[in-house]
Amino acid sequence: MSHGNPETAPAKAVSAAVSSEVRSCTPLGSSHAWTLYRGELADGRRFFAKVAEGHAEALDSEAAGLRWLAEVPGGADVPEVLAAADGGVLVMEQVHERGATAAAADDLGRRLATTHRAGAEAFGASWPGWLATLPLDNTPGRAWPEWYARRRLLPYLRDAHDRGFLDSGDVAQLERVLARVDDLAGPDEPPARIHGDLWDGNVLWGRDGAVLIDPAAHGGHRETDLAMLELFGAPHLERILAAYHEAFPLADGRRDRVPLHQLHPLLAHVCLFGRSYRTPLLDAARRLL
């Protein structure tokens, strides 16, 4: 396998960001608006890098979220941020994947509960939010139902309609859910420290357990992370959920609230990928109505 050319422009950008010589830098393709690389620094550390010229704000937001999640002792593991440089370069430690085990799933459930319990000052965050290339309004709020409707659902609902992916009838159906959000949200919960985009693809099963990548971290509702894990499935999902509930019991009725928490990621998928996600979005809305 090629070790990559340390004299390429991306390798030089990584070197400048981490203030270290790059021994190798291999391209891995692209995802959304960024190009991905892995390689090795002169001191032997293995890195994973994202380079996104023109999208520096999204990578800065990801770096802020990773550092915030990493503050929690005993919380869910995230990659160490080695550098986040002006111009759109994010360099992280590389995760060595091994595959999911039942024990690792139990550990993830407990660690995720610890992260959530660490809390946040408010719903939202002090940095601008991004979900892939979509901006997230992180303006702080105190009441989750109103904040979720105003800062998460409405902006993406308008965007999906403006892009022609949802028609006026679809919008009306989602607006009926928004009108009932206070009743659907369940018992009040304080702001939790959440990953914010916790689908299975953002859980890497490393040699020391699960590592969470690509966060859209903010103060949110803790059931949001769990509902996102359930949206597309995850290895040993029931063990993750059981271990979580044992460590940090969930309020009664959580199963009924899962579609509410899945509305935002489904709306995001409609905005990013089009009408192929319209049907599961409307199905979730129907279950709530």
Asker: Kindly say whether Leu260 contributes a backbone atom to a donor-acceptor pair with the side chain of Tyr148 at under 3.5 angstrom?
Answerer: yes
Asker: What pairs meet the salt bridge (Lys or Arg N to Asp or Glu O under 4.0 Å) rule with one or both residues in residues 254-271, with sequence neighbours excluded?
Answerer: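 Sorted result for residues 254-271: Glu223-Arg257, Glu230-Arg254, Glu230-Arg255.
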Asker: For the residue pair Asp197 and Pro215, establish whether any side-chain heavy-atom pair is separated by less than 4.5 Å.
Answerer: no
Asker: Report yes if some heavy atom in the side chain of Val81 is under 4.5 Å from a heavy atom in the side chain of Val91; otherwise report no.
Answerer: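 They are not in side-chain contact.
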Asker: Give, for atom CZ of Phe123 and atom CD of Glu189, the distance between the pair rounded to the nearest 0.5 Å.
Answerer: 8.0 Å
Asker: Take a 6.0 Å sphere around CG of Asp43 and say whether it holds more than 12 heavy atoms from other residues, nucleotides or ligands.
Answerer: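 Counting neighbours around CG of Asp43, more than 12 heavy atoms of other residues, nucleotides or ligands fall under 6.0 Å, so yes.
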Asker: Which salt bridge (Lys or Arg N to Asp or Glu O under 4.0 Å) pairs, counting each pair once, include a residue from residues 66-81, with sequence neighbours left out?
Answerer: Glu71-Arg193
Asker: For the OG atom of Ser15 and the CG atom of Leu41, what is their distance to the nearest 0.5 Å?
Answerer: 8.0 Å
Asker: To check you understand the geometry: which heavy-atom pair defines the closest contact between Ala70 and Val78, and what is its length?
Answerer: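 Result for this residue pair: CB-CG2, 3.8 Å.
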Asker: Stepwise, does the salt bridge (charged side-chain N to carboxylate O under 4.0 Å, His left out) test hold for Glu40 with Arg45?
Answerer: CA-CA 6 Å; Glu40 185 178 355; Arg45 286 179 295 171; over 6 Å; no
Asker: Can you check whether His264 and Tyr156 have ring centres sitting under 6.0 Å from each other?
Answerer: yes
Asker: Could you see if Leu282 belongs to whatever hydrophobic cluster contains Val181? Use Ile, Leu, Val, Met, Phe, Trp, Tyr and a side-chain cutoff under 4.5 Å.
Answerer: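 Leu282 and Val181: one cluster.
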Asker: Going through the checks in order, is the side-chain contact (heavy atoms from CB on, under 4.5 Å) test met by Arg163 and Asp159?
Answerer: CA-CA 6 Å; Arg163 293 173 189 241; Asp159 191 20; 2.8 Å; yes
Asker: Which residue pairs satisfy the salt bridge (Lys or Arg N to Asp or Glu O under 4.0 Å) criterion with at least one member in residues 85-105, sequence neighbours excluded?
Answerer: none
Asker: Taking a hydrophobic cluster as the set of Ile, Leu, Val, Met, Phe, Trp and Tyr residues connected by side-chain heavy atoms closer than 4.5 Å, whether directly or through intermediates, do Ile213 and Leu66 fall within one such cluster?
Answerer: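 They do not share one cluster, since no chain of ILVMFWY contacts under 4.5 Å joins Ile213 to Leu66.
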Asker: With a 4.5 Å cut-off on side-chain heavy atoms, are Leu229 and Asp200 touching?
Answerer: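 They are not in contact (no side-chain heavy atoms under 4.5 Å apart), so the answer is no.
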Asker: Sequence neighbours left out, what passes side-chain contact (heavy atoms from CB on, under 4.5 Å) with Asp208? Give chain and number order.
Answerer: none
Asker: Identify the heavy atoms of Cys25 and Pro10 that sit nearest to each other, and give their distance.
Answerer: SG-C, 4.5 Å
Asker: Looking at every non-hydrogen atom in both residues, tell me the closest pair between Leu90 and Ala63 and how far apart they are.
Answerer: CD1-CB, 3.8 Å
Asker: Look up atom CZ in Arg23 and atom CZ in Arg46, then write down how far apart they are to the nearest 0.5 Å.
Answerer: 9.5 Å
Asker: For a 4.5 angstrom cut-off between non-hydrogen side-chain atoms, does Thr133 reach Leu272?
Answerer: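 Sidechains of Leu272 and Thr133: in contact.
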Asker: How are the rings of Trp68 and Trp127 set relative to one another: parallel (under 30°), tilted (30 to 60°) or perpendicular (over 60°)?
Answerer: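 The arrangement is perpendicular - the two ring planes meet at more than 60°.
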Asker: Tell me whether Val95 shares a hydrophobic cluster with Met92, the cluster being built from Ile, Leu, Val, Met, Phe, Trp, Tyr side chains joined at under 4.5 Å.
Answerer: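 No, Val95 does not connect to Met92 through the hydrophobic network.
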Asker: Looking at residues at least two apart in the chain, or sitting in another chain, which of them share a side-chain contact (heavy atoms from CB on, under 4.5 Å) with Leu36?
Answerer: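 Partners of Leu36 under the side-chain contact (heavy atoms from CB on, under 4.5 Å) test: Leu28, Ser31, Trp34, Phe48, Lys50.
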Asker: Kindly indicate whether a cation-pi arrangement holds for Arg275 with Phe165, taking the cut-offs as under 6.0 Å to the six-membered ring centre and within 45° of the axis.
Answerer: no
Asker: Using a 4.5 Å cut-off on heavy atoms from C-beta on, say whether the side chain of Leu266 contacts that of Leu231.
Answerer: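 Yes; the side chains approach each other to less than 4.5 Å.
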Asker: Side-chain contact test, heavy atoms from C-beta onward, threshold under 4.5 Å: evaluate it for Val211 versus Val203 and give yes or no.
Answerer: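 They are not in contact (no side-chain heavy atoms under 4.5 Å apart), so the answer is no.
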Asker: Tell me whether the guanidinium CZ or amine NZ of Arg38 lies under 6.0 angstrom from the six-membered ring centre of Phe47 and within 45° of its axis.
Answerer: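 That pair does not qualify as a cation-pi contact.
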Asker: Determine, for Arg287 against Asp283, whether the closest basic-nitrogen to carboxylate-oxygen distance falls under 4.0 angstrom.
Answerer: no
Asker: Looking at every heavy atom in both Ala216 and Leu131, which two are closest together, and how far apart are they?
Answerer: CB-CD1, 4.0 Å
Asker: To the nearest 0.5 Å, how far apart are CG in Asp106 and CD in Glu246?
Answerer: 9.0 Å
Asker: Would you call Arg278 and Asp170 a side-chain contact if the rule is heavy atoms closer than 4.5 Å?
Answerer: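 In short, these two side chains touch, coming nearer than 4.5 Å.
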Asker: Return the CG to OG1 distance between Asp225 and Thr115, rounded to the nearest 0.5 Å.
Answerer: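 If I round to the nearest 0.5 Å, the distance is 9.0 Å.
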Asker: State, to 0.1 Å, how close Arg117 and Ala247 come at their nearest heavy-atom pair, and which atoms those are.
Answerer: NH2-O, 2.7 Å
Asker: Does Arg111 reach the main-chain N or O of Gly75 with its side chain, forming a donor-acceptor pair under 3.5 Å?
Answerer: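 Side chain of Arg111 to backbone of Gly75, a donor-acceptor pair under 3.5 Å: yes, one is there.
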Asker: Are any non-hydrogen side-chain atoms of Glu62 and Leu59 less than 4.5 angstrom apart?
Answerer: yes
Asker: Quick one: do Arg158 and Asp162 make a salt bridge, cutoff under 4.0 Å?
Answerer: no
Asker: With clusters defined by side-chain heavy atoms of hydrophobic residues (ILVMFWY) lying less than 4.5 Å apart, directly or transitively, does Leu178 cluster with Leu184?
Answerer: yes
Asker: Which pair of non-hydrogen atoms, one from Pro235 and one from Ile240, has the smallest distance, and what is that distance?
Answerer: O-CD1, 3.7 Å
Asker: Applying side-chain contact (heavy atoms from CB on, under 4.5 Å), run through Leu288 and Leu263 and close with a yes or a no.
Answerer: CA-CA 10 Å; Leu288 292 166; Leu263 286 181; 3.8 Å; yes
Asker: Between the main-chain N or O of Leu157 and the side-chain N or O of His161, is there a donor-acceptor pair closer than 3.5 Å?
Answerer: no
Asker: So His55 and His32, side-chain contact (heavy atoms from CB on, under 4.5 Å) or not? Walk me through it.
Answerer: CA-CA 10 Å; His55 287 272; His32 299 293; over 6 Å; no
Asker: Does Leu166 share a hydrophobic cluster with Leu154, counting links as ILVMFWY side-chain heavy atoms below 4.5 Å and allowing steps through other members?
Answerer: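 Yes, one cluster joins them.
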Asker: Which residue, Arg239, Arg222, Arg110, forms the side chain to side chain donor-acceptor pair (under 3.5 Å) with Tyr244?
Answerer: Arg222
Asker: Show your reasoning for whether side-chain contact (heavy atoms from CB on, under 4.5 Å) applies to His245 and Leu241.
Answerer: CA-CA 6 Å; His245 184 71; Leu241 296 175; over 6 Å; no
Asker: To the nearest 0.5 Å, what is the distance between CE on Met228 and CG on Leu198?
Answerer: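 Met228 atom CE to Leu198 atom CG measures 8.0 Å (nearest 0.5 Å).
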Asker: Mind jotting down which residue pairs meet the ring-ring contact (aromatic ring centres under 6.0 Å, His included) criterion with at least one end in residues 179-229? Sequence neighbours excluded, please.
Answerer: Trp144-His221, Trp147-His218, His221-His261
